[in-house]
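Working notes for the structure below.
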Amino acid sequence: MRPAPLNGPAGHPDRPEPGGDPVLLVAHGSRDPRAAEATRALARAVSAARPGTPVLASWLDHTEPHPTQALRDLAGAGHTRAILVPLLLTAAFHRRVDIPAAVAAALESGAPMRVRTTEVLGPTADGVDPALLAGLRRRLTEADPGRFDALVLAAAGTRDARARRSVGRVAAALGASLNVPTRVSYASAAPPDAGRAVTRLRAAGARRVAVAAYFLAPGLFHDAVTRAAHAAGAVAVAAPLTDTPALVHLVLHRLSPR
């Protein structure tokens, strides 16, 4: 009998794995080792919230294992199902191209497994998840800006216009929840950068501008945002989301069948 393909029919599609289907978290990857450790910390936190369920981390670049190899390893260990969670804040190129290609490469190896790929952690057709906003607000509170009258949501950046619009949706929702004007900045690929965004808000009359970090992990981009924002007069720059409880809750929400 031929093995059931990934994303295809399985012999028992409704039979769960003992202890729960394995969860594979897929991060972008970075040369900065702090980013990989943040992903591992999130995997540990999700695992603690789902006792008995294997939760593994993988990366599309720079760090091993690649999701293709991780899926092959799971199949080799006897797992017939898995849930893949893209640790991405926009549904841009990596979600549309890289992750399906990784799953397809595992399929070509004949891995006898069904894989369900969830939505990204950023906005979906259903809107901006309240848990994402809660995580951003928590990190902002931890940065202790005191009272602030304007906010910058600093993101990594993308050339994908749809992805940038989704970041704008998060900024609008976050600003509305905090009742302050909010602007978007990008660390790469699109203007303005964090320093310019802070400067524009101050020029428009804001006296205390804080910066929320639309990042899952620390790294060179967040470092650059922090330097530029402080140089422009920001009162505080929040830390990345990493393994904040709200982000764990968001991952668990993505795991729930839709």
Side-chain angles (χ1 to χ4, degrees), residues 27-42 59-63 87-90 92-94 121-122 132-160 163-164 166-175 177-178 180-244 246-247:
H28 178 278
S30 169
R31 292 183 178 87
D32 192 315
R34 294 174 295 171
E37 182 49 42
T39 303
R40 295 186 187 103
L42 179 59
W59 294 266
L60 292 168
D61 201 3
H62 300 301
T63 306
L87 299 183
L88 303 171
L89 292 172
T90 63
F93 184 86
H94 298 299
L121 303 184
L132 178 58
L133 298 178
L136 292 168
R137 288 195 301 267
R138 173 169 177 155
R139 287 297 190 233
L140 192 57
T141 299
E142 291 169 349
D144 194 22
R147 296 186 63 182
F148 56 92
D149 53 6
L151 182 67
V152 172
L153 180 69
T158 174
R159 293 182 177 87
D160 188 310
R164 292 198 300 273
S166 76
V167 178
R169 291 166 61 195
V170 176
L174 182 62
S177 73
L178 294 168
V180 294
T182 303
R183 300 291 181 268
V184 173
S185 73
Y186 297 103
S188 69
D193 64 19
R196 180 63 61 87
V198 171
T199 297
R200 287 177 177 174
L201 285 168
R202 285 166 57 84
R207 301 188 62 176
R208 294 180 57 83
V209 182
V211 178
Y214 197 52
F215 294 90
L216 293 175
L220 298 179
F221 279 169
H222 184 261
D223 290 348
V225 164
T226 300
R227 289 193 298 269
H230 281 311
V235 296
V237 178
L241 291 163
T242 59
D243 59 344
T244 182
L247 189 64

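- In this structure, the separation between OH on Tyr214 and CG on Leu89 is 4.5 Å, given to the nearest 0.5 Å.
- Pro240 is not listed as a side-chain neighbour of Leu216, based on a closest heavy-atom distance of 4.5 Å or more.
- The backbone N or O of Gly157 lies less than 3.5 Å from no partner atom in the side chain of Arg164, so there is not a single donor-acceptor pair.
- Minimum interatomic distance between Pro218 and Ala38 (heavy atoms only, all atoms of both residues): CD-CB, 3.9 Å.
- In terms of heavy-atom proximity, Leu220 sits nearest to Asp32 at N-OD2, 3.9 Å.
- Using a 4.5 Å heavy-atom cutoff, the side chains of Asp193 and Ser185 are not in contact.
- Annotation: side chain of Leu151 is not in contact with side chain of Leu201 (no heavy-atom distance under 4.5 Å).
- At a threshold of 4.5 Å between non-hydrogen side-chain atoms, the residues Val167 and Thr90 count as touching.
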(message) Pair Val209, Val152 - check side chain to side chain contact (heavy atoms under 4.5 Å, CB included), show working.
(response) CA-CA 7 Å; Val209 182; Val152 172; 4.0 Å; yes
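- Contact of the Thr39 side chain with the Leu87 side chain is registered, since non-hydrogen atoms from C-beta on lie closer than 4.5 Å.
- When all heavy atoms of Thr244 and Gly135 are compared, the closest pair comes out as CG2-CA, 4.3 Å.
- Across Ala213 and Leu136, no two heavy atoms sit closer than the pair O-CD2, 3.4 Å.
- In this structure, the separation between CZ on Arg34 and NE2 on His222 is 9.0 Å, given to the nearest 0.5 Å.
- Minimum interatomic distance between Asp149 and Arg207 (heavy atoms only, all atoms of both residues): OD2-N, 2.9 Å.
- Surrounding CZ of Arg208 are more than 12 heavy atoms belonging to other residues, nucleotides or ligands, all under 6.0 Å away.
- In this structure, Leu140 and Leu178 have side chains that are in contact, with non-hydrogen atoms separated by less than 4.5 Å.
- Using a cutoff of 4.0 Å between basic side-chain nitrogens and carboxylate oxygens, Asp243 and Arg40 are not scored as salt-bridged.
- The side-chain hydrogen bond (donor to acceptor under 3.5 Å, both in side chains) check on Ser177 picks up Arg137, with sequence neighbours excluded.
- Contact check for Val225 versus Phe215: side-chain heavy atoms found under the 4.5 Å cut-off.
- A pairwise comparison of heavy atoms in Ala234 and Val198 identifies N-CG1, 3.9 Å as the closest pair.
- Atom OG of Ser30 is separated from atom CH2 of Trp59 by 11.5 Å, given to the nearest 0.5 angstrom.
- Between the side chain of Arg139 and the backbone N or O of Ala212, no donor-acceptor pair lies under 3.5 Å.
- Listed by chain and residue number, Glu142 satisfy the side-chain hydrogen bond (donor to acceptor under 3.5 Å, both in side chains) test with Arg138 (two or more places apart in sequence, or in another chain).
- Residues Leu174 and Leu153 have side chains in contact (heavy-atom distance under 4.5 Å, counting atoms from C-beta outward).
- Ser188 places a side-chain N or O within 3.5 Å of a backbone atom of Ala156 that can act as its donor or acceptor partner.
- Looking at residues two or more places apart in sequence or on another chain, you find no ring pair (Phe, Tyr, Trp, His ring centres under 6.0 Å) involving Tyr186.
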